[in-house]
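Down below is the structure, laid out as C-alpha cells.
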Number of protein chains: 2
Amino acid sequence: MDRRQRKTRTAIFQAFTDLLEQKTYSALTVQDIIDAADIGRSTFYAHFETKDELLKAMCTEIFAHVFSEEIMQEAHHDFSDRDSFKDRLTHILCHLQEKQQSIRGIFSGECGEIFMRYFREYLFQVFDRHLPDDGEVPRAYRLNHAVSSFAETVRWWFREHNNAYTPEEVSAFYFACVPL
Amino acid sequence: MDRRQRKTRTAIFQAFTDLLEQKTYSALTVQDIIDAADIGRSTFYAHFETKDELLKAMCTEIFAHVFSEEIMQEAHHDFSDRDSFKDRLTHILCHLQEKQQSIRGIFSGECGEIFMRYFREYLFQVFDRHLPDDGEVPRAYRLNHAVSSFAETVRWWFREHNNAYTPEEVSAFYFACVPL
DNA sequence: TATGATAACAAACAAGTTGTTCTGTAAAGA
DNA sequence: TCTTTACAGAACAACTTGTTTGTTATCATA
C-alpha cells in the first residue's frame with residue numbers, strides 16, 4: 001500500500017478515535033474528522049464512502065487483531081476441551097485489554113452498539129462449535145445467551161472497572177455465571 | 001391536554017412506528033415523520049425538540065405500560081420470594097408481547113439499542129433489590145449479568161422467534177440459564 | 001535522476017436537513 | 001360568544017453530505 005495512503009488512513013483512524021472521546025458518534029460529522037485529521041474533503045471520501053464505513057473498517061481492523069490467534073489456532077486446538085476454551089476466552093480478553101486505548105472511545109458512545117454487533121458476530125463463530133447439546137432449553141437460546149453474556153461482560157469490564165480486574169478474573173466471573 | 005395536541009401526538013407516534021419498519025432510525029428524517037404524520041413543520045417542533053426526544057418519549061410511554069404493575073405492586077409484594085419474582089418477569093414479558101406491534105419497529109433497527117438502554121435502566125431497579133448476596137463474584141457483575149441476560153432474552157425472543165414461544169416458556173429458558 | 005502514475009489538495013457545487021420565525025386560520029374550552 | 005391556543009404554511013439561515021474539477025505533491029521504478 002502506498003505510503004501516502006497509509007498515512008492518510010492512520011490519520012483518519014486517529015482523528016476518529018480521538019473525537020469519539022469528546023463527542024457521540026451521531027453528533028460527530030465527517031467534517032469534524034476531516035478537520036481533525038487535517039486532510040482534504042475529497043481525500044476522506046476516496047478512502048471511505050461514509051462515516052459508517054469508517055467505523056466498520058475500524059472494527060474489522062481491531063477484531064483482526066483480537067481474534068488473530070483464534071483463527072490461527074483453529075487447526076491445532078481441540079475445541080471440545082473446556083479448559084482450553086476458557087483459555088481462549090481469556091486470550092481474547094487479553095487482546096482487548098491491549099487495544100484498550102483505541103477501543104475506549106468506540107466502546108463508550110452509542111457506536112459501542114455497532115462495535116458490540118460486530119463483536120457478537122465473531123463470538124458466535126467461536127461459541128457455536130463449542131456449545132454442548134443439552135435438552136430442555138433450545139440451543140439457539142443458549143447460544144445467544146452465552147454470546148450475549150460474554151459480550152456484556154466485556155462491556156461491563158471496560159466501562160465500570162477498567163483496570164480493577166485482570167482478564168483471568170473476568171473470565172472466572174463469566175464461567176461462574178455461565179457454566180458451559 | 002388539548003384534544004388537538006393529543007391528536008397530533010398520536011399521529012407523530014404512529015408515523016414514527018410505521019416508518020421504523022421501512023427505514024433505519026438514522027436514515028429517518030424529521031421531514032419523513034412530518035410528511036407521514038401529515039402535520040406542519042412547526043407543529044412537530046412544538047411537540048418534540050429533536051428526533052431523539054421523540055424516541056425517548058416513545059420509550060418512556062411504552063415502559064410506563066410495561067412496568068405499570070411493577071410500580072403498583074412494589075408496596076404489596078414480597079420481593080424476596082423467588083416464585084413471585086419469576087411471575088413478575090413473566091408479567092413483564094406479557095406486557096411486552098401486548099405492545100409488540102408498536103415495539104417491533106423500534107426493536108429491530110439500530111434504535112433498538114436506545115430502547116435496550118432504557119429497558120435496562122428499568123430492569124436494574126427491578127433486579128437490584130432481588131439479587132441475593134453471594135460471595136466470590138462481585139455483586140456488580142452479577143447484577144449486570146442478570147439484567148443483560150434478561151434484556152438480551154427479550155431481544156432474542158422478539159427478533160428470531162416472535163410467536164414461537166409463550167412468555168412462560170421464555171421465562172423458563174431464562175431461569176434455566178440464569179438461576180437466581 | 002527523470003518520468004508516468006496516482007494520491008492529496010482546495011474550492012465550488014447541488015441537494016437535502018435542521019431548527020427557527022413569521023402570519024393567518026381554525027379549533028378548543030370557558 | 002369570546003378568548004386562548006394549536007396548527008398550517010412558507011420562508012429563512014446554517015449546516016451536512018457527497019461529487020466534481022483542476023492543480024500540486026509524492027511515490028515507485030526504469
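Just so we're on the same page: letters track the sequence lines, and every chain starts at 1. None of the values given here were measured: they were computed from a predicted structure.
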Just how far, in rounded Å, is C1' of C:dA26 from NZ of B:Lys7? 11 Å

What parts of residues 8-32 of chain A reach DNA chain C, counting only heavy atoms under 4.0 Å away? A:Thr8

Closest nucleotide of DNA chain C for B:Tyr45 versus for B:Arg3: which of these residues is on the 5' side? B:Tyr45

Does the C:dA8 base have a donor-acceptor partner in the side chain of A:Ser42 within less than 3.5 Å? no

I'd like to know if B:Arg4 reaches the base of C:dA27 with its side chain such that a donor and an acceptor end up less than 3.5 angstrom apart. yes

Would you call A:Asp18 and A:Lys23 a salt bridge, using N to O less than 4.0 angstrom? no

Charged tip of B:Lys56 within 45° of B:Tyr118 ring normal and under 6.0 Å: no

To the nearest angstrom, how far is B:Phe48 atom CZ from C:dT20 atom C1'? 18 Å

B:Phe44 CZ - C:dG19 C1' separation (whole Å): 11 Å

A:Leu28 vs A:Thr24 side-chain heavy atoms within contact, under 4.5 Å: no

Validation row: B:Phe127, B:Tyr122 side chains within 4.5 angstrom (heavy atoms): no

Is there a side-chain contact between B:His47 and the phosphate of D:dC7, meaning an N or O under 4.0 Å from OP1 or OP2? yes

Taking CD from A:Glu53 and C1' from D:dT17, how many angstroms apart are they, rounded to a whole number? 15 Å

Should the side chain of B:Thr50 and the base of C:dG19 be counted as holding a donor-acceptor pair, with the cut-off at 3.5 Å? no

For the side chain of B:Asp2, counting heavy atoms from C-beta on, which of C:dC9, D:dA6, D:dC7 is nearest? D:dA6

Can a side-chain donor-acceptor contact be found between B:Thr29 and B:Asp32 if the only test is distance below 3.5 angstrom? yes

Verify the distance criterion only: is there a donor paired with an acceptor across the side chains of A:Tyr141 and B:Thr153 at less than 3.5 Å? yes

I'd like to know if the side chain of A:Tyr25 reaches the main chain of A:Asp52, judged simply by a donor and an acceptor atom lying under 3.5 Å from each other, with no hydrogens or angles considered. yes

Protein-nucleotide distance (B:Glu49, atom CD; C:dT18, atom P), rounded to Å: 15 Å

Donor-acceptor pair under 3.5 Å, A:Arg41 side chain vs D:dG18 base: yes

Nearest whole Å is fine: how far is D:dG9 P from B:Ile39 CD1? 11 Å

Calculate the interatomic distance between B:Asp35 atom CG and C:dG16 atom C1'; express it in whole Å. 13 Å

What is the distance, to the nearest angstrom, from the CZ atom on B:Arg6 to the C1' atom on D:dC7? 16 Å

